[in-house]
**Q** 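What follows is a single structure, and I will ask about it in a moment.
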Amino acid sequence: MMDNSPTAGSVTTTASEKQRLAKTSLAFNCKNATFRKMFPEYVEKYNEQHLSEQAEAVVSPAPAQEADPAAPKADGVGNELEENGNKVEAPAQRRNNGRQSFLVWMLVVLFFGFAMALPLLQP
């Protein structure tokens, strides 16, 4: 995971970028419903960290910070946008896409089976 050797599809980042992403990954993952369901202990840990950070911010107010560029952005319709601008689909929408692809595959298999059975049906 900390290896620097290039692989197919890998992205080269600096050590500081890796550390920044590691620090923000828990906050990002806690926004995901599946992650919250599967790892409640990490969500609890994040909530504790978040509360302690808020308490520190109240004690010593810091200057205004810019928004985190790695955080997902909303497009106004309720869909989140990834860093590169692609939409992240809602889970219900993913399920519908899965059903549609299943139906397409079933039609392909039925058509192929019918085409293979034609020679057997001839007298």
Side-chain angles (χ1 to χ4, degrees):
M1 192 157 139
M2 296 300 292
D3 191 20
N4 290 331
S5 62
T7 60
S10 66
V11 178
T12 304
T13 58
T14 63
S16 61
E17 179 72 7
K18 289 176 186 173
Q19 289 175 350
R20 185 187 66 78
L21 291 172
K23 287 179 183 177
T24 60
S25 66
L26 183 60
F28 180 80
N29 288 335
C30 285
K31 295 177 185 175
N32 185 316
T34 306
F35 181 86
R36 287 192 306 267
K37 192 184 306 180
M38 294 184 71
F39 302 104
E41 64 275 6
Y42 287 109
V43 175
E44 186 177 322
K45 179 180 177 182
Y46 168 72
N47 290 335
E48 291 172 1
Q49 287 177 351
H50 192 63
L51 288 174
S52 67
E53 288 174 1
Q54 285 180 344
E56 290 174 6
V58 170
V59 171
S60 61
Q65 297 177 356
E66 295 181 18
D68 184 11
K73 300 165 189 68
D75 66 356
V77 185
N79 295 328
E80 290 185 343
L81 299 176
E82 291 181 8
E83 185 175 349
N84 60 4
N86 294 335
K87 285 187 179 179
V88 178
E89 296 177 348
Q93 189 175 0
R94 285 190 203 134
R95 278 195 298 265
N96 289 339
N97 289 345
R99 287 183 191 143
Q100 289 174 353
S101 64
F102 176 74
L103 290 175
V104 169
W105 277 106
M106 287 302 296
L107 287 173
V108 168
V109 168
L110 287 173
F111 181 74
F112 181 74
F114 181 72
M116 296 304 291
L118 276 177
L120 299 174
L121 296 175
Q122 292 179 356

**Q** Ignoring hydrogens, what is the shortest heavy-atom contact between Arg36 and Lys31? Give both atom names and the distance.
**A**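 Heavy-atom minimum between the residues: NH1-O, 2.9 Å.
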**Q** Can you name the closest pair of heavy atoms from Ser25 and Ala22 and give their distance?
**A**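 That would be OG-O, 3.0 Å.
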**Q** So, applying side-chain contact (heavy atoms from CB on, under 4.5 Å) with Leu21, which one of Lys18, Lys23, Glu17 is it?
**A**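 Only match with Leu21 under side-chain contact (heavy atoms from CB on, under 4.5 Å): Glu17.
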**Q** In Å, rounded to the nearest 0.5 Å, how long is the span from OG1 of Thr13 to CD of Gln19?
**A**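 Going from the OG1 atom of Thr13 to the CD atom of Gln19 covers 10.5 Å.
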**Q** Going from CG on Leu103 to CE on Met106, what distance comes out if it is rounded to the nearest 0.5 angstrom?
**A**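 Here the interatomic distance stands at 8.5 Å.
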**Q** Taking the inter-plane angle between the rings of Phe39 and Tyr42 on a 0 to 90° scale, is it parallel (under 30°), tilted (30 to 60°) or perpendicular (over 60°)?
**A**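 Judged by the thresholds at 30° and 60°, the geometry between Phe39 and Tyr42 is perpendicular.
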**Q** Could you grab the distance from atom CG of Leu107 to atom CZ of Phe102, nearest 0.5 Å is fine?
**A**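 The distance works out to 10.0 Å.
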**Q** Show your reasoning for whether salt bridge (charged side-chain N to carboxylate O under 4.0 Å, His left out) applies to Lys45 and Glu48.
**A** CA-CA 5 Å; Lys45 179 180 177 182; Glu48 291 172 1; over 6 Å; no
**Q** Same cluster or not: are Leu26 and Met38 linked, directly or through other Ile, Leu, Val, Met, Phe, Trp or Tyr residues, by side-chain heavy atoms under 4.5 angstrom apart?
**A**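 Cluster IDs for Leu26 and Met38 match.
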